[in-house]
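Convention: sequence-line order gives letters A, B, ...; per-chain numbering from 1.
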Amino acid sequence: MTQRKEKGQKRKREMAEQELQTIYDPQAIEAKWQKRWEETGEFHADVDPARPKYYVLEMLPYPSGTMHMGHMRNYTIGDAVARYKRMRGFNVLHPMGWDAFGLPAENAAIQRGIHPREWTLTNIASFKRVCRRFGFSYDWRREISTCEPEYYRWNQWFFLRMLERGIAYRKRSRVNWCPKCATVLANEQVVNGCCWRHEDTPVEAKEIEQWFLRTTQYADELLDCLNKLEAGWPDRVLTMQRNWIGKSRGARVRFAVEGLSGETIEVFTTRIDTIYGATAVILAPSHTLMGKLLEGSSQQAPNEERVAQMRRMSVKMEDIATAEKEGFFTGRYAVNPFSGEKLPIWVGNFVLMEYGTGAVMCVPAHDQRDFEFCKKYKLPIRVVVQPLAGEPLFAEMMDHAFDEHMEGKLVESGPYNGMSPAAAIEKMAAEAEARGFGQAETIFRLKDWGISRQRYWGTPIPVMYCEQCGMVPVPDDQLPVVLPSNVKLTGQGQSPLASDPAFVNVKCAKCGGAARRETDTMDTFMDSSWYFYRYADAHNDSAPFDPAVVRYWFPIDQYIGGIVHAILHLLYSRFFCKVMRDLGLVNHDEPIARLFTQGLVLKGGTAMSKSKGNVVGAEDMAQKFGCDTGRLYTLFAAPPEKDLEWNDQSIEGCSRFLNRVFRTFSRHAVWVRGAAGRKADLASATEKEKALLRKTHETLRRVTQDFEARWHFNTSVALIMELMNEVQAAEPLRENCRPEVAREVFEITALMLAPMAPHLGEELWEMLGHGEGLGKANWPAYKPELAAEEQVEIVAQVNGRVRAKLVVEAGLSEEELYQRALAHPRVADQIDGKRVVKKIVVPNKLVNIVVK
RNA sequence: GCGGAAGUGGCGGAACUGGCAGACGCGCAGGACUUAGGAUCCUGUGGCCGAAAGGCCGUGGGGGUUCAACUCCCUCCUUCCGCACCA
């Protein structure tokens, strides 16, 4: 029999001895620890000024359908961080709740003939069960659900505060209307410009009164504060937010309309310096002046038809960008206030009513869109900015607009000739203001936040309309305005609440007369814009939260969620924070210090979703492998910010690994426990022991680094796997090292695993003889003296190619290293007969000898 | 069109500040133990040539800087994401 065979048989006997203990039963272990955690209130955190706090939060889920591994990835990352921070001594706030209002519940309810509340509560129960099954370290005392009056009354309260300050206001605005459903559609329900349920029916624009929040009042601050977030937020998100806010400096200029006394067309431009090159004024099809302009023109009827057609066209957002430029002459002229020149007024499909003033001055020589438009309709092109370098431009020869405004000087621009565009922009805006036909202006792409939804399953907007008093806010002491439960949902008509007379008819809070309640509900983004404050003080029934409590916990140290919320949710949350600050409720400007956007979990190349049928259910996973395996796999399979392609085979590797860890620990548990209290000292350690300790502490060093800086948990897992491989290679352990050494190795291993596979971590910790759970354990300190290498492997290169590897004592001098490399036969061979032209020595790493 | 991210074995991925490309895991191949194995353990596993020693090639393509490039520079290609006629 070979030696290896003997070894194998011996190990097998050993394993058989321990057979009863060597079966890793994740179901039993996980249930055991979850029960224990619950009993001890392990994850409850309360204000404690004596300890440093850490608020880690995962975006609250919308409870629909089943929880899959895509959800779990988010929470696993957050949980690993929460547990790590606890081990580091932080007072960790880690809550969970439910984004429970929303359209899908309403639709599901209509489809199934049940109440949205029933549907939602069922889903919440299921989501919560799965979260518990995964053992996430949430403080469940703080659980919130946005569809409960205890929560949404504060939405209403915030709304009323905003109303008082003029931040909430009402105006007529367009909504999407499906004529077949006879209902308002949410933007998400508009597919290719058509109703999602009637794909052949174009959505119509309908104007109704709606509530808005003045986010634009904070536009500048929302933009500027992004700079403060640079250290903690992904660039991608900052960029998206900057683009969304879309600050643009320019000028507003009024053009008088010929033949319509007193009427002017306002134009916004960032290039007022090119105004002498304007050859037309172009209006958006839905411009408010359109009716007056067309009235009485020779082409009135056909032109009105054209406008109507363009308005219909502009619904299809899909191909707006690529659509051919269309337009026509209205028959009227505007006067360039600078030059006095008469410019034809056109209508153009590429001018947006929603941006700027809904009208542009058309400067074909210096704007590519205007250029294309004028080429198509044979409008004149006039160059008014010439490049500083190179050939002068001639209109007839241009094939695209010259819009590089940094390098040019003005021509054919009256008194401004010779100026740089930058100087002219300033001078001309001042001139416009002095002469009363314009001024410098900054505009934003950001629009006010429309929060009215003609839906049932949301927070009622707390106002009423009285014939005598007009709009009357619901007084605070009448909050909450409770969402009635017995409203018939048909998916037809306007706001479902309007069909409930018991809800609608109310006594005016001012005069006591007959009034009608507002029947729209709030956008659910309202719910999620401040929920993380509520967690801090979840059961306060006299205020949304106690400012003192919030002061302790805020800002959120780490927020974790999907990139899908990069713009709206986060922007609204930041807006809310600023409003709260101005209300004196909080003392910070930004609610979230650090943001992490995790990647998606894909199966078959696309994100998991029920409709695609590619979900891996979280509960199934816990049932099959145990949740620790599921957690470990989601951390191991990819770095957390990248998308993760789910692989049913690959996860078995993680299962095997945890099994192996469990068996190794149980095999040696009794032996190792015997060494409790004894230190593994280096002085008396054998080479094998030193190697093991070194590997352990080097692993600890790098895993700690992963948790502190990079969050590359995939490499952490890999490192721990390597360590276990090393331990396995050192078998039979009892012959190769003393129990105190093994104990140190095992303890560190258990502690490192704890944030990622917490149930097994606890179990292993207990196996090592610790009576108290990991709640009392600290993250181990890495000992540099144990990780220090005495010997290092040096790569010896000749002309940049590896020719040999030599193991030498650490810390050798450059010259000594060079000599050692030179002495290696394989190196010597390569150098033989050639001239050494250069030698590069990197201490403890490499020697490269360049020869000719 | 603009902005951003990324491209490494059969697959997921590693390589920290320019210093051994492919750690770790999956898969695959061979073996051990087995009545059996979809359990467990061991060995091998980028490609080509070679019995081996070893050699050559290799990180999307091309070029460059360097003793040394997945890493830096230029250029092109591809994929994904966001914005999309923003005046």
Side-chain angles (χ1 to χ4, degrees), chain A residues 2 4-5 7-9 11-12 15 22 234-240 242-244 246-248 250 267-271 274 282 284 317-325 348-352 354-363 367-370 372-373 443-445 563-564 566-567 600 605 633 636-639 641-654 656-657 659-660 663 702 705-706 709-710 712 714-722 724-725 728 731 793-805 826 837-840 842 845-851:
Chain A
T2 66
R4 198 180 339 131
K5 229 176 187 175
K7 250 191 190 172
Q9 285 191 341
R11 189 171 315 158
K12 199 172 166 84
M15 284 163 68
T22 57
D235 285 346
R236 185 156 61 131
V237 175
L238 295 174
T239 306
M240 282 160 82
R242 286 191 180 108
N243 291 341
W244 189 262
K247 184 173 183 168
S248 187
V267 149
F268 177 79
T269 177
T270 54
R271 293 295 308 276
T274 64
I282 311 178
M317 298 304 283
E318 295 295 296
D319 31 41
I320 274 183
T322 47
E324 174 83 357
K325 293 196 173 22
N349 64 344
F350 68 100
V351 180
L352 308 173
E354 296 76 37
Y355 185 77
T357 59
V360 298
M361 63 180 201
C362 174
V363 185
D367 181 285
Q368 186 58 26
R369 290 157 304 182
D370 296 347
E372 286 165 24
F373 192 77
I443 64 165
F444 293 88
R445 208 191 80 109
I563 187 74
V564 278
I567 298 176
L600 298 169
Y633 176 68
F636 176 62
E641 73 277 8
K642 280 185 66 175
D643 288 352
L644 184 163
E645 173 68 38
W646 188 270
N647 184 322
D648 285 321
Q649 279 182 326
S650 216
I651 190 173
E652 292 190 26
C654 289
R656 281 204 279 265
F657 169 66
N659 264 288
R660 206 155 55 227
R663 283 197 311 272
R702 293 171 64 182
Q705 209 175 49
D706 280 343
R710 297 198 313 165
H712 276 199
N714 54 329
T715 55
S716 304
V717 177
L719 284 163
I720 301 170
M721 285 173 167
E722 267 186 77
M724 285 317 289
N725 289 346
Q728 206 148 352
E731 293 278 13
E793 193 182 57
I794 299 293
V795 176
Q797 298 181 329
V798 178
N799 289 346
R801 286 182 172 281
V802 181
R803 294 301 172 183
K805 293 175 183 178
R826 299 242 309 112
V837 294
K838 195 162 187 177
K839 39 187 175 178
I840 294 102
V842 183
K845 258 195 183 140
L846 140 154
V847 177
N848 188 13
I849 303 168
V850 186
V851 297

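- An anti orientation is assigned to G64(B), its glycosidic angle lying beyond 90° of 0.
- Minimum atom distance to the side chain of Val802(A) is reached by C20(B), of the listed G25(B), C20(B), C85(B).
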Dump the intermediate steps for side-chain contact (heavy atoms from CB on, under 4.5 Å) on Met721(A) and Met724(A), then the final yes or no.
CA-CA 5 Å; Met721(A) 285 173 167; Met724(A) 285 317 289; 5.8 Å; no
Going through the checks in order, is the side-chain contact (heavy atoms from CB on, under 4.5 Å) test met by Arg271(A) and Val363(A)?
CA-CA 9 Å; Arg271(A) 293 295 308 276; Val363(A) 185; over 6 Å; no
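- Asn714(A) comes within 4.0 angstrom of the backbone, heavy atoms only, and of no base.
- Nucleic acid contact for Glu722(A): sugar-phosphate only, since backbone atoms but no base atoms lie under 4.0 Å from a heavy atom of the residue.
- Residue Glu793(A) is in base contact, counting any heavy-atom pair closer than 4.0 Å across all strands shown.
- At whole-Å resolution of the value, CD in Gln649(A) and C1' in C28(B) are 11 Å apart.
- In this structure, Glu652(A) reaches neither bases nor backbone, as no heavy-atom distance under 4.0 Å exists between it and the strands shown.
- Looking at heavy-atom distances under 4.0 Å, Val360(A) makes contact with a base.
- The residue Asn725(A) sits close only to the backbone: its heavy atoms come under 4.0 Å of sugar-phosphate atoms, none of a base.
- When heavy atoms are screened at a 4.0 angstrom cut-off, Arg801(A) is found touching the sugar-phosphate backbone but no base atom.
- Closest non-hydrogen pair, Arg445(A) versus Asn243(A), comes out as NE-O, 3.4 Å.
- Within the nucleic acid shown, Lys839(A) has no heavy atom closer than 4.0 Å to any nucleic acid atom.
- Contact check for Arg710(A) versus Thr715(A): side-chain heavy atoms found under the 4.5 Å cut-off.
- Nearer the 5' end of RNA chain B, as judged by each residue's closest nucleotide, is the contact made by Asp235(A), out of Arg826(A) and Asp235(A).
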